[in-house]
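Read the numbers this way: they start at 1 and go in the same order the structure lists the ligands and their atoms. Only this structure's heavy atoms are used, side chains among them; waters, hydrogens and symmetry mates stay out.
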Amino acid sequence: MALTPMMQQYFEIKEKYRDTILFYRLGDFYEMFFEDAELASKELELVLTGRDCGLEDRAPMCGIPYHSARNYIGRLVTKGYKVAICEQVEDPKLAKGIVRRDVIRVITPGTFLDETFVSEERNNYIMGVFKEGGNYGLSFCDISTGEFYSTIIKAEAEMLDAEIGKFSPKEAVASSDELAEYIYSRYSLLTNARRIPDESELLLEGRFKSVSGGINSLIASSCSILLGYLEETQKTALTNLTHLEVYSSSDSMAMDPNTKRNLELTENIVDKGKIGSLLWVLDDTATAMGGRNLRRWVEQPLISRELIDRRLEAVEALYGSLDMLEDLREALKGVYDIERIVSKVALKSVNPKELLTLKNSLGRLPAVKEVLKSLDYGELSRLNRKMDTLSDIWDLLDSSISEDAPMTSKDGGIIKNGYSAEVDELRDIRLNGKRWIAELEAKEREFTGIRSLKIGFNKVFGYYIEISRANFSSIPEGRYIRKQTLSNAERYITEELKVMEDKILGAEEKLSELEYGLFTGIRDRIEGEIERLKSTSRCIADLDCYQCLAKVARDNGYVKPLFSIDGKVNITEGRHPVVEKMMEKGAFVSNDLVMDSSSERFLIITGPNMSGKSTFMRQSALIVLMAQIGSFVPAKKASLSICDRIFTRIGASDDLAGGKSTFMVEMSEVSEILKNATSRSLIILDEVGRGTSTYDGLSIAWAVIEYILKHIRGSKSLFATHYHELVALEGELEGIRNYSVLVREVGTTIAFLRKIVPGGADESYGIEVAKLAGIPREILTRAKDILKDLEKKGKKPARAQKVKEDPLQIGFVDIGREALFERIKTLDVMSMTPIEAMNALYELNNDAKELN
Ligand code: ADP
Ligand code: MG
């Protein structure tokens, strides 16, 4: 048996696209065969059928209608598959034998452009990796915006993590099978292996219109491997990749993935949503470009004082002028995603409606520039000079694209009247034709006396005169030619109608063709201006971030941070930007932080669970980070020193994302920190050592502290622990300062005051916290006895810290009441036995009396 010709063609094509799901176009369907069909039917819940293929067994097959392909493709690609779209590439009327087909594009996770699936809020990067000797060459590209970055880093896993973490690519291309395997296993990222094109350096020459930074062989290799893959999949010239930005990985703060996650920079730990993240608080951008830019800023805080100051200055200028800030926001609100529309122009997938949107967005630019004019200094003046309002492109679009242009480019209705004499003329014919048809209908009605006679149109029969069965007797002999019989009507034509039909339909067809041609012409002219469009959209993105940070600073009472060069950090009344936002206004308790790089470089923060240690440490890291992205910070005053890296490690049992977190993981992460921190790093260690037994944990924590002080000189660390034994280290080791969170004892319970004060805590208050959590009284009493016993045998730490007077406005009685209220609220009365209920009531009653 032999394969049918169609199947032969299928196999020839599939052979070239083995790592994709091949969508093979057959009539109005895309069909998948064999393994592709089996896979797709499972992933997309499609019915698996079969088709004769010439072999004994039928070929497994499943298909989807061509017009709903978009949704299916989106679902497969977001699941990490690649889809190759195979179309007929010759006119079936002209084909000899089987119609020629070929793949016109391969859609992959890292090159996906469909806005229903790819959020406008973030970039969609694909990465090229090349490894040689002790180094990696890395390239990152977002074809939906035309950004292209390259860098070199040392071939160390930790460096690679940090760099990849800055971009979070969706797909990778590696220079060898081995490297691809490594990348895949480390990042579970769809990774393709491709050979580096020969003479890749030569290939790059002239590829980009501009390059910042120097290209060497590592850069060239990673770039060309990525470009090669993009061209292979997109099958177009990618004219939107105009600029190659070669950057140094040390231009921005490196953060390992854990740190980013722990600090909840762009997503919260619990459900990975944006709500509750730093970005959630900071993002008040008005445009999609600004939104993506801000996300990038948050993920890549700056190190250079000059660049940070430049941003801060711009934010300050806008912060200082509410009127202008509001005007600017207003002007920016009408600016749509120029960057992505422009990329669609380059990829030839833009539709007429999007060109209209582009025009309307460009129409806002003069208003934006107007505001900038009055804020003319520093960075804002630079942006003003750089920003081109692109009035020539606006003019072109305004004269050519109709105000109600459709989303499709092949069915006409695109071109504005007056732009092309030919279009106008054809439209005239069409209009007259329609009028003529209406007149004919009236005339025939009158002639025949049939009131219900009507002239209709369908695609198969064209124009027809329809007369219902009831009126058949009134039809004049010989006047009409019968065309089609329906159940209760007949359809007719006349010679006259036929002639007019040819004219009208001819005009219609010509018009669509003509309009399509004009549309692609306009598109190509815009393609020629891509560099200018991109440059302006970069300006908009930056400007939008500045106004956003100014607005957020005003709304939330942030201050401009200052930088010192003596390594000192002094934050007055600092707040946690996110926790504060989640609470009632004014409920958050602010705290100071004073550190330097010598005698106060290691703060040990003790205090019971839930007292606010973690919040304080995270807020300190966030303030530093916000300052380095160019944002104002939540504090009354902040003088900071620039740090090169922030590390955080959260003790195993505190690790909410949990699951895989074991003590082992905790320790290996601590060891990474110890290896990589420098004298300019900020290290946050939260309950390190908690994942093991008390003595183990305590000893490890102790040794880690000693190590950091000894080997990472100058670094700043915040170390929260419930091992209050560690307070004994102050005075023993140079650089350590004890701090603790104030707690108020209220009768037999405690109230959290959230105030960080010098000195260590003397107790863990574990039992009191347990009580707040509703542990039965019997257990609490017994635990107290055991504790007393243990303390008699052991030794209590020396330094003690008790609240002597009420340091805060909020009375502890209020807090105690609130805790009591909380307990009443959370009682699960329905599941209690009468005795349990009685006991609970008794306890509540006792505690309420104590509060009085
Ligand atoms: P710890 O690390 O000491 O166990 P957390 O920092 O996790 O405590 O804080 C516990 C809760 O206390 C937080 O979820 C927050 O709701 C509240 N909290 C912490 N710090 C403050 C503060 N400064 N002001 C108001 N509430 C706070
Ligand atoms: Mg904590």
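- Considering backbone and side-chain atoms alike, Arg754 places an N or O below 3.5 Å from some N or O of ligand 1.
- Residue Val579 places no N or O, backbone or side chain, under 3.5 Å from any N or O of ligand 1.
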Could you go through residues 548-555 and list every donor-acceptor pair under 3.5 Å that involves a side-chain atom there, pairing it with any protein atom two or more places apart or in another chain?
| from | atom 1 | to | atom 2 | distance (Å) |
| --- | --- | --- | --- | --- |
| Lys551 | NZ | Asp555 | OD1 | 3.4 |
| Lys551 | NZ | Asp555 | OD2 | 3.0 |
| Arg554 | NH1 | Tyr319 | O | 2.5 |

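- For Arg680, the CZ atom counts as densely surrounded, since its 6.0 Å shell holds more than 12 non-hydrogen atoms of other residues, nucleotides or ligands.
- Residue Met583 has at least one heavy-atom neighbour below 4.0 Å for each of these atoms of ligand 1: 25 (C), 26 (N).
- More than 12 heavy atoms of other residues, nucleotides or ligands sit less than 6.0 Å from atom CE of Met832.
- To the nearest 0.5 Å, the span separating CD on Glu264 from CD1 on Ile275 amounts to 12.5 Å.
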Let me check something: any side-chain donor-acceptor pairs from residues 712-721 under 3.5 Å, sequence neighbours excluded? List them with distances.
| from | atom 1 | to | atom 2 | distance (Å) |
| --- | --- | --- | --- | --- |
| Ser715 | OG | Ile712 | O | 2.7 |
| Lys716 | NZ | Gly567 | O | 2.9 |
| Lys716 | NZ | Ser641 | OG | 3.3 |
| Thr721 | OG1 | Tyr723 | N | 2.9 |

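- Residue contact check: Gly612 has heavy atoms under 4.0 Å from atoms 1 (P), 3 (O), 5 (P), 6 (O), 8 (O), 9 (O), 19 (C), 20 (N) of ligand 1.
- The ligand atoms of ligand 1 that sit less than 4.0 angstrom from a heavy atom of Pro608 are 3 (O).
- Note on Ser614: counted as a metal contact of the Mg ion (ligand 2), an N/O/S atom lying under 2.8 Å.
- Here is the list of ligand 1 atoms found below 4.0 Å of a heavy atom in Phe588: 21 (C), 22 (C), 23 (N), 24 (N), 25 (C).
- In this structure, Gly607 falls outside the shell of residues with a heavy atom less than 4.0 angstrom from ligand 1.
- Cation-pi geometry between Arg311 and Trp297 is satisfied (NZ or CZ under 6.0 Å from the ring centre, within 45° of the ring normal).
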